[in-house]
Amino acid sequence: MDVEVYGKMLSTLPQDDDHPYRTGPWRPQSVEYDAASLDVVGELPDDLYGVYLRNTENPVHPAIVRYHPFDGDAMIHKVSFRDGQVSYRNRFVRTDGLLAEQEAGRSLWAGIAENPNVSTRPDGWGARGRMKDAASTDVVVHAGVAVASFWQCGDLYRLDPLTLDDLGKSTWGGSFPSRLGVSAHTKVDGHTGELLFFNYSTTAPYLHYGVVDAGNRLVHYVPIDLPGPRLPHDMAYTEHYAILNDMPLFWEPDLLARGLYASRFHPDLPSRLGVIPRRGAPGDIRWFEFEPTYVLHWTNAYELGDEIIVEGFFQGCPEPASAGPNGPKQKMFRFLAQDTMATRLHRWRMNLVTGAVSEEDLSASCTEFGTINAGFGGRPYRYNYAATNEPGWFLFNGLVKHDTLTGREEQYQFEPGVFCSEVGVAPRVGGTEEDDAYLVTLTVDMNRDLSECVVFRANDVGRGPIARAALPERIASGTHSCWAPGESIAGW
Ligand SMILES: [Fe+2]
């Protein structure tokens with residue numbers, strides 16, 4: 001392995017840190033590396049061609065009062081594969097907030113578990129305001145550029161997907177909705193090259209939906225009527241429709257009126273899915289009601305005859321009392337443990353002609369964070385690859401491949417003390433079958449004090465990794481990722 005240090009971010013975190021989400025598998029890094037030709041154990045296929053990108057909440061300053069892992073600064077890890085060679089880089093996303101805090105040498109904005117009044121800056125980002133846009137939630141590749149985004153809405157930070165060079169923020173030719181920002185979980189439809197997105201707000205209109213075309217121009221942006229402020233985290237799409245949501249877990253209105261932000265589940269209210277033509281007017285949206293729950297992530301959606309079918313993870317317990325006996329004791333971490341939220345793969349069906357709805361569990365397994373072969377996004381598909389969690393923790397200890405046609409599941413469990421991130425699904429060059437692909441993820445191995453990039457065959461998940469390559473340093477645990485095929489990266 002040929003490793004160079006690119007840079008080091010000033011960190012003021014305490015040496016004797018005891019925060020459950022800044023130590024152990026969540027210990028953040030401060031060094032940025034360039035590593036060529038990682039040493040590979042196993043058989044690295046030469047038809048694996050492209051880039052795996054993963055965002056990471058990687059804080060460099062202690063919170064003003066109380067750190068929540070969703071507040072961490074963005075670090076993008078990039079692993080590229082070509083001709084049987086694998087290389088690695090990591091870079092902080094140099095957000096406006098991070099740069100200001102580096103200059104100050106401390107945190108300037110309140111995090112999600114803090115009262116906005118503790119912010120020392122009067123400005124800020126996010127649906128609730130006075131937060132830092134950390135850009136640390138999600139990463140996609142649109143129009144050949146990697147785009148990092150934040151779950152509370154903010155700017156879209158652009159990076160070269162190969163070099164991770166900073167390409168600045170999205171402006172969309174001056175039409176970027178800067179005041180409201182854009183939420184994480186923008187959706188890239190590989191068939192059209194479009195990026196679909198939403199944002200949300202505590203003031204009306206509470207939701208907007210938009211489309212950016214393959215040339216990175218904003219071509220559609222409409223308000224969506226909602227009964228009040230909501231907390232959508234993800235959206236879905238089919239070939240002709242976008243699917244937005246109004247779930248009954250949202251900031252408590254009475255507290256919101258007093259400037260306090262506490263999420264409450266309302267089991268007396270339905271879950272609602274809104275179906276709107278991809279270029280539809282506000283009045284074109286149709287809402288369908290379902291069992292109350294909260295859905296953090298959808299896996300996919302598609303059209304089948306008159307029906308829209310949406311799949312994602314139903315929460316049996318959207319507002320758990322705690323993170324469970326094995327998790328950290330602080331109540332603010334209870335929404336991080338998918339086992340206590342009892343997440344399971346679920347299917348929602350809506351008939352656009354009759355208005356009929358139905359829904360069903362697809363599995364009893366507790367999984368979340370499912371990814372698919374992106375070539376099947378918005379189209380009929382069969383497989384998703386989701387994560388199991390360490391009880392009580394926001395840590396992934398295994399993978400489950402769901403066959404949504406037969407219900408069959410294939411599982412791989414990492415050894416105790418080894419955790420992975422959301423997998424990237426890398427179609428095999430020349431492959432045509434949906435699961436003729438590789439799965440790529442990054443591990444945190446607490447037993448060997450290192451991190452690896454590991455590769456599975458998507459059609460043989462149970463076999464475990466077929467190749468592994470050690471990174472220069474043990475990285476912090478992280479979540480959302482994407483796979484960019486080599487041919488989608490200009491000049492490579
Ligand atoms: Fe997410």
Side-chain angles (χ1 to χ4, degrees), residues 21 26 52-58 68-77 93 111-112 125-127 131 133-142 146-154 156-157 181-188 195-200 207 230-237 243-245 247 249-250 263 293-301 310-315 318 333-338 341 343-346 366-372 374 377 384-389 393-396 419-425 441-442 476-483:
Y21 281 102
W26 282 90
Y52 176 72
L53 295 165
R54 197 198 81 186
N55 209 336
T56 305
E57 295 101 345
N58 191 104
H68 186 284
F70 292 173
D71 301 331
D73 299 294
M75 176 179 280
I76 304 287
H77 297 275
V93 179
I112 191 66
W125 298 264
M131 285 187 79
D133 168 10
S136 54
T137 308
D138 191 19
V139 59
V140 299
V141 172
H142 174 240
V147 178
S149 55
F150 189 51
W151 69 295
Q152 281 281 317
C153 301
L156 296 179
Y157 282 89
V182 167
S183 173
H185 296 306
T186 59
K187 298 288 166 180
V188 178
L195 177 137
L196 284 64
F197 71 93
F198 65 97
N199 60 29
Y200 57 97
L207 183 68
R230 294 294 184 266
L231 287 170
H233 181 76
D234 194 5
M235 64 174 288
Y237 68 95
I243 296 124
L244 303 162
N245 62 86
M247 312 306 279
L249 182 135
F250 47 82
S263 301
T293 186
Y294 185 75
V295 176
L296 201 57
H297 299 111
W298 312 99
T299 51
N300 201 10
V310 186
E311 293 174 2
F313 298 96
F314 186 99
Q315 296 184 355
F333 300 134
R334 65 199 162 127
F335 294 108
L336 291 170
Q338 70 191 44
M341 295 188 288
T343 57
R344 54 191 188 257
L345 190 65
H346 196 78
C366 178
T367 60
E368 236 284 6
F369 300 92
T371 52
I372 65 166
N384 68 66
Y385 309 88
T388 56
N389 80 309
W393 288 87
F394 188 26
L395 288 168
F396 304 148
F419 309 104
C420 69
S421 48
E422 199 175 66
V423 299
V425 183
T441 190
L442 298 179
S477 189
T479 309
H480 289 305
S481 70
C482 71
W483 174 261

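For ligands, and for the atoms within them, numbers begin at 1 and follow the listed sequence.
Listed by chain and number, the residues in a side chain to side chain contact (heavy atoms under 4.5 Å, CB included) with Ser183 are Cys153, Phe198, Tyr200 (sequence neighbours excluded).
Around the Fe ion (ligand 1), the protein N, O or S atoms closer than 2.8 Å are His185 NE2, His233 NE2, His297 NE2, His480 NE2, listed by chain and residue number.
Val140 and Leu195 get closest at one heavy-atom pair: CG2-CD1, 4.3 Å. Residues Leu249 and Pro318 approach most closely at CD1-O, 3.5 Å, considering heavy atoms.
Using cut-offs of 30° and 60° for the angle between ring planes, the Tyr21 and Trp393 rings count as tilted.
The residue from Phe313, Trp151, Phe314, Phe369 that alone fulfils the ring pair (Phe, Tyr, Trp, His ring centres under 6.0 Å) condition with His297 is Phe369.
Side-chain polar atoms of Thr441 and Ser421 form a donor-acceptor pair below 3.5 angstrom.
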